[in-house]
Amino acid sequence: MRAFHGQLSDNQPIRRTLAEKQKQLRDLKETLASMKSHTAPALRDSVRKRIAQLEAELTAAPALKSSSDNRTQRPAAARTGEAPRRPRSRIRSDLTG
């Protein structure tokens with residue numbers, strides 16, 4: 001079967017929120033601390049690499065978060081340059097409901 005556009009199997013990165021990334025970082029640090037002495041070095045290195053990536057993303061996140069906060073504080077009409085939309089007509093809502 002073929003994947004349709006937007007399906008998770010499209011080999012796209014999973015987008016995570018800031019809270020999810022912080023939780024994943026905590027979990028990975030706990031995993032690394034609980035690894036036994038005979039754990040494969042490649043596995044340890046991959047966990048350390050992912051921890052470093054997450055820490056880099058989280059340190060860059062406040063700059064990204066502040067810019068997205070500025071965008072959400074402006075009214076929708078000012079963002080798009082359009083007038084606010086009119087509400088739907090009653091006829092359409094009466095037919096569907």
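Atoms CD1 and CD, on Ile51 and Gln24 in that order, are 10.0 Å from each other to the nearest 0.5 Å. A distance of 6.5 Å separates CE of Met35 from CZ of Arg44, quoted to the nearest 0.5 Å. In this structure, the separation between CZ on Arg15 and NZ on Lys21 is 10.0 Å, given to the nearest 0.5 Å.
Across every non-hydrogen atom of Leu28 and Val47, the tightest pair is O-CG1, 3.9 Å. Of all heavy-atom pairs between Leu18 and Leu58, the closest is CD1-CD2, 3.3 Å.
Residues satisfying the side chain to side chain donor-acceptor pair (under 3.5 Å) test with Gln53, not counting sequence neighbours, are Arg50. With sequence neighbours excluded, the residues forming a salt bridge (charged side-chain N to carboxylate O under 4.0 Å, His left out) with Glu55 are Lys29, listed by chain and number. With sequence neighbours left out, Arg16 forms a salt bridge (charged side-chain N to carboxylate O under 4.0 Å, His left out) with no residue at all. With sequence neighbours left out, the side-chain contact (heavy atoms from CB on, under 4.5 Å) criterion links Asp45 to Arg48. Scored by the side-chain contact (heavy atoms from CB on, under 4.5 Å) test, Thr59 finds no partners at all (sequence neighbours excluded).
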Residues 36-43, side-chain donor-acceptor partners within the protein, below 3.5 Å, at least two apart:
| from | atom 1 | to | atom 2 | distance (Å) |
| --- | --- | --- | --- | --- |
| Thr39 | OG1 | Lys36 | N | 3.2 |
| Thr39 | OG1 | Lys36 | O | 2.9 |

